[in-house]
Amino acid sequence: MSKLFIAGEVFHGAGSLEELKNINGKKAVIVTGGGSMKKSGTLDKAVAFLQEAGIETQIFEGVEEDPSSATCAKGAEFIQNFQPDWIIGLGGCSAIDAAKIMWVFYEYPDADFDAMIKPFTVPVLRNKAKFIAIPSTSGTGTETTGLAVITDREKGVKYPIVSYELTPDIAIIDGEICASMPAHVTSNTGLDVLTHCVEAYVSNIENNIADALSKGGLELVFDNLKEVVENPTNIKARQNMHDASFMGGLAFNNAWLGIVHSLSHQVGALYGIPHGASNAIFLPNVIRFNAQVTDRYPDLAKVIGKETAEELAQAIETLRSEVNNQSAIKEFGISKEDWEKNLDYIANNALIDPCTGFNPRVPTLDELKAIYNACYEGAVYAEELVAG
């Protein structure tokens with residue numbers, strides 16, 4: 001028997017933000033980022049809808065990209081002082097992920113962050129508050145996942161905090177909120193969606209529901225990502241990408257991810273490379289690596305009119321180029337000397353990343369280093385590149 005893990009209630013479609021006026025409660029804290037939600041008017045709309053519901057609201061602003069544990073502690077103290085019964089993550093995945101960990105520390109002020117790095121160790125939540133996720137980017141699917149990615153700035157490591165306790169009670173998937181998203185953010189986050197769909201489908205957890213969602217999300221990305229990058233106010237296409245993000249998130253929340261994410265977490269933390277951009281660089285070569293042991297990639301290739309794993313990898317490379325994304329890690333200005341100096345460190349961290357355990361092929365350290373080096377140069381991975 002399997003259990004499907006999903007946000008408790010899901011409202012999707014243009015204008016669904018209005019559902020906030022139907023929430024029952026007394027107090028809410030909205031956690032948001034650097035100002036895009038205020039500038040677009042979405043934050044004011046959310047507050048107005050909550051006021052209509054009779055809910056007193058305070059706002060914690062300024063969550064940075066790749067949020068730190070320090071930011072989460074600061075936000076938890078803010079929330080603790082207000083004592084809300086709803087915590088709302090509004091904005092990009094960083095704001096929502098940070099809000100999830102603030103929620104943990106609100107309910108458990110003495111919780112040990114380092115202990116929570118081990119999967120499924122977050123204590124039981126909802127003793128003091130419930131959680132609403134309202135994404136403004138079509139990317140991580142965090143609005144329906146038990147996952148929050150938090151960065152340790154001192155160590156230069158991203159930690160995926162994994163627990164079904166973190167799955168939101170309510171998800172609001174409103175494509176109108178995404179209309180102001182810049183083209184490069186649209187591109188990066190959309191390629192993240194693509195990666196979720198591919199990795200969830202080939203993970204070592206069998207799940208028919210996740211498989212169907214992965215295929216459906218993949219098709220929506222290939223049909224809509226280029227359009228929303230070129231025509232950002234196409235709300236139908238925006239909603240399609242927002243739905244694809246949710247579908248990919250729901251798929252991997254039940255089948256989990258693989259080494260594309262393990263590799264990406266490290267270069268994101270150490271070099272600040274946008275997560276979707278690094279995913280899109282690693283994904284084609286990881287397909288080539290995993291195709292040695294799994295025959296599942298042709299299923300995904302057929303969704304987009306292709307046949308083989310290699311054709312799927314090449315189609316992803318083509319889409320990556322069409323939406324103006326980088327094809328090599330070195331394009332982010334990382335010198336060969338700096339790369340080689342840190343290669344063992346990031347490869348070791350990738351090897352022990354929680355996502356590695358769900359990859360269809362068990363990698364060695366040397367194999368991860370070979371994938372890293374190929375992707376640094378923008379070269380095609382081949383088995384003969386592995387040292388030893």
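Using a distance-only test at 3.5 Å, with no hydrogens or angles considered, no donor-acceptor pair links the side chain of Asn325 to the main chain of Ser321. A distance-only check finds a donor-acceptor pair linking the side chain of Ser214 to the backbone of Cys197 [under 3.5 Å]. A donor-acceptor pair under 3.5 Å is formed between the side chain of Asp85 and the backbone N or O of Lys26. Of the possible polar contacts, none joining the Asp353 side chain to the Tyr159 backbone as a donor-acceptor pair under 3.5 Å is found. The backbone N or O of Leu220 lies less than 3.5 Å from no partner atom in the side chain of Asn240, so there is not a single donor-acceptor pair. Checking side-chain atoms of Gln58 against main-chain N and O of Val29 turns up no donor-acceptor pair under 3.5 Å. Looking at Thr144, its side chain does come within 3.5 Å of a backbone N or O of Ala7 through a donor-acceptor pair. Judged by distance alone, with hydrogens and angles left aside, the side-chain atoms of Thr195 form no donor-acceptor pair with the main-chain N or O of Val260 at under 3.5 Å. His265 places a side-chain N or O within 3.5 Å of a backbone atom of His261 that can act as its donor or acceptor partner. In this structure a side-chain-to-backbone donor-acceptor pair under 3.5 Å is present from Asn342 to Asp338.
Residue Arg238 is tested with Asp174, Thr186, Asn224 for a side chain to side chain donor-acceptor pair (under 3.5 Å); the sole match is Thr186. When the options Tyr201, Phe252, Trp256 are evaluated for a ring pair (Phe, Tyr, Trp, His ring centres under 6.0 Å) with His196, the one that passes is Phe252. Here the options are Glu311, Glu317, Glu383, the test is salt bridge (charged side-chain N to carboxylate O under 4.0 Å, His left out), and the partner is Arg288; only Glu317 passes.
Between Met102 and Thr71, the closest heavy-atom pair is CE-O, 3.7 Å. Between Ile150 and Asp97, the closest heavy-atom pair is CD1-O, 4.1 Å. Minimum heavy-atom separation, Ala95 to Leu90: CB-O, 3.7 Å. Closest heavy-atom contact between Tyr297 and Ala291: CE1-N, 3.9 Å. Here the closest heavy-atom approach between residue Ser203 and residue Ala255 is recorded as OG-O, 2.7 Å.
Using cut-offs of 30° and 60° on the angle between ring planes, the pair Phe120 and Tyr164 is tilted.
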Full working for side-chain contact (heavy atoms from CB on, under 4.5 Å) between Val124 and Glu107
CA-CA 9 Å; Val124 175; Glu107 300 213 0; over 6 Å; no
Check step by step if side chain to side chain donor-acceptor pair (under 3.5 Å) holds for Thr189 and Ser138.
CA-CA 6 Å; Thr189 55; Ser138 304; 5.9 Å; no
Report the C-alpha distance between Glu18 and Lys45 in whole Å, list the side-chain angles of each, state the deciding distance to 0.1 Å, and finish with yes or no for salt bridge (Lys or Arg N to Asp or Glu O under 4.0 Å).
CA-CA 8 Å; Glu18 191 172 356; Lys45 286 181 181 178; over 6 Å; no
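Residues Leu368 and Leu263 form a side-chain contact, since some pair of their non-hydrogen atoms from C-beta on lies under 4.5 Å apart. Residues Leu17 and Ile134 are in side-chain contact: their nearest non-hydrogen atoms beyond the backbone lie under 4.5 Å apart. Using a 4.5 Å heavy-atom threshold, the side chains of Lys336 and Tyr376 count as touching. Side-chain atoms of Ile273 and Ile329, non-hydrogen and from C-beta on, do get closer than 4.5 Å to each other.
Following chains of ILVMFWY side-chain contacts shorter than 4.5 Å, one cannot reach Trp103 starting from Ile170, and the two form parts of different hydrophobic clusters.
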